[in-house]
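So you know, we letter chains A, B, ... as the sequences are listed, proteins then strands, and number each from 1. Basis for what follows: all heavy atoms, side chains included, without hydrogens, waters or symmetry-related copies.
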2 protein chains.
Amino acid sequence: MGPARQANHTDRNKRPMGKDATESRDLAAMATARLRHAGLRPTRQRVELAGLLFQDCDRHVTAESLHDEVAQAGVKVSLATVYNTLHQFTGAGLLRQVIVDASRSYFDTNTGDHQHFFLEDEGMLIDIPGEHIAVSGVPSPPAGMAVDRVDVVVRVKRA
Amino acid sequence: MGPARQANHTDRNKRPMGKDATESRDLAAMATARLRHAGLRPTRQRVELAGLLFQDCDRHVTAESLHDEVAQAGVKVSLATVYNTLHQFTGAGLLRQVIVDASRSYFDTNTGDHQHFFLEDEGMLIDIPGEHIAVSGVPSPPAGMAVDRVDVVVRVKRA
DNA sequence: CTCACAGTTTAGAACGGTTCTAATGCGTTG
DNA sequence: CAACGCATTAGAACCGTTCTAAACTGTGAG
Ligand SMILES: [Mn+2]
Ligand SMILES: [Mn+2]
Ligand SMILES: [Zn+2]
Ligand SMILES: [Zn+2]
């Protein structure tokens with residue numbers, strides 16, 4: 001397959017490009033690559049969501065916040081697909097889940113070693129780098145159990 | 001009100017007592033005292049639930065587990081009342097809430113400084129005394145925020 | 001390029017833990 | 001004991017999440 005042919009194929013399902021055509025293409029291309037690498041088919045919806053999640057800095061989202069955000073961007077993705085995608089990305093190691101609220105699930109694009117501030121008033125998470133924080137004196141787990149991970153949540157409120 | 005009158009009044013709503021009559025009376029009396037001290041009316045339901053929660057060692061319950069347990073004991077208390085009571089006890093400082101699962105609320109009779117193992121397979125909590133465990137290197141919270149508390153959850157799984 | 005298939009998306013229903021409603025019950029005080 | 005106000009309750013509502021099953025689409029074979 002020659003270069004002209006490939007370009008044609010790649011562009012087939014694209015909307016007309018505006019001023020940030022190059023940016024968009026790079027973003028989509030990177031999202032697509034990331035998805036393929038994780039063994040996930042780069043569908044329109046997954047590329048769109050990956051674009052939002054992984055473009056800039058680390059992010060903490062809920063299904064609903066991401067659903068709102070993708071709608072805001074003028075793209076229609078069902079809430080079920082947002083849930084599916086968040087779980088698939090988590091399974092693929094692209095996201096991790098953070099449990100800080102008894103009634104809402106947060107997903108974190110930072111899968112490295114770190115902990116969190118949780119702003120209880122706003123339901124917002126802020127990363128604490130793993131190098132900064134340390135937990136010591138953890139007793140050995142009950143017999144037959146192995147530590148899966150140690151989560152620290154620093155709950156903060158308006159002073 | 002004289003002593004005879006008071007004893008009469010205290011016994012009014014009691015079931016017939018079995019072999020552990022004294023134990024039961026002490027338990028109910030202690031629960032009642034604890035409730036009054038917390039500014040809560042000692043209703044039949046609250047006394048019953050307090051009796052289960054505070055009789056022995058520290059406990060970790062969910063609304064449903066406590067509801068099952070009180071039913072097991074042959075006492076009928078509605079699930080709504082269990083929820084109300086857990087929240088009232090928490091408000092009164094008799095319990096604290098522990099957030100380890102995105103879809104279930106745990107309540108802890110140990111309100112002192114401590115942390116938890118969470119057995120993910122069984123949904124079970126085990127205390128880690130506060131003296132044993134330490135968190136260091138917590139950055140100062142965002143401007144205008146104050147640390148409410150620092151929670152450590154050591155998630156363990158079958159080895 | 002087309003086709004067929006397996007994987008994906010979707011609307012809407014179902015689910016499960018929790019909260020709400022408003023009617024009934026009961027602990028307290030006088 | 002009466003009367004008041006808080007507490008309890010059944011059942012409905014709520015809401016985040018998961019399920020269902022039908023329509024759709026990315027992919028690789030031909
Ligand atoms: Mn909350
Ligand atoms: Mn869970
Ligand atoms: Zn994070
Ligand atoms: Zn505990």
Separation of [N] [atom2] from [X] [atom1] (nearest whole Å):
X        : N      : atom1 : atom2 : answer
B/Leu79  : D/dA10 : CG    : P     : 10 Å
A/Arg36  : C/dG7  : CZ    : P     : 16 Å
A/Arg46  : C/dT8  : CZ    : C1'   : 7 Å
B/Leu40  : C/dC26 : CG    : P     : 19 Å
A/Asn84  : D/dT20 : CG    : P     : 13 Å
B/Phe107 : C/dT18 : CZ    : P     : 7 Å
A/Gln88  : C/dT10 : CD    : P     : 12 Å
B/Glu48  : D/dA7  : CD    : P     : 18 Å

Subject >> Check: A/His87 ring centre within less than 6.0 Å of A/Phe107 ring centre >> reply: yes
Does a side-chain N or O from [X] land closer than 4.0 Å to OP1 or OP2 of [N], or not?
X        : N      : value
B/Gln45  : C/dC26 : no
B/Tyr83  : C/dT19 : no
B/Lys76  : D/dA10 : yes
A/Ser103 : C/dG17 : no
A/Arg44  : C/dT10 : yes
B/Thr81  : D/dT9  : yes
B/Arg41  : C/dT28 : no

Original post:
Under the 3.5 angstrom rule, does the side chain of A/Tyr106 hit a backbone N or O of A/Gly123 as a donor-acceptor pair?
Top reply: yes
Subject >> Cationic tip of A/Arg34 above A/Phe54 ring, under 6.0 Å, 45° of axis >> reply: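 Yes; both conditions hold, so A/Arg34 lies above the ring face of A/Phe54.
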Original post:
With distance as the sole criterion, is a donor-acceptor pair present between the side chains of B/His132 and B/His114 under 3.5 Å?
Top reply: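 On atom types as modelled, these side chains do not qualify, holding no pair under 3.5 Å.
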Original post:
In terms of the nearest nucleotide of DNA chain C, which residue is placed more toward the 5' end: B/Thr62 or B/Pro42?
Top reply: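 Its nucleotide being nearer the 5' end, the pick is B/Thr62.
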**OP:** Indicate, with a heavy-atom threshold strictly under 4.0 Å, whether B/Ser105 touches base, sugar-phosphate, or nothing.
**Re:** sugar-phosphate
**OP:** State which of D/dT17, D/dA10, C/dA11 makes the closest approach to the side chain of A/Ala80.
**Re:** C/dA11
Original post:
Where each residue is assigned the nucleotide of DNA chain D containing its nearest heavy atom, which of A/His87 and B/Thr43 is assigned the position nearer the 5′ end?
Top reply: B/Thr43
Original post:
In terms of side-chain geometry, is the basic nitrogen of B/Glu69 or B/Arg59 positioned less than 4.0 Å from the acidic oxygen of its partner?
Top reply: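 Yes.
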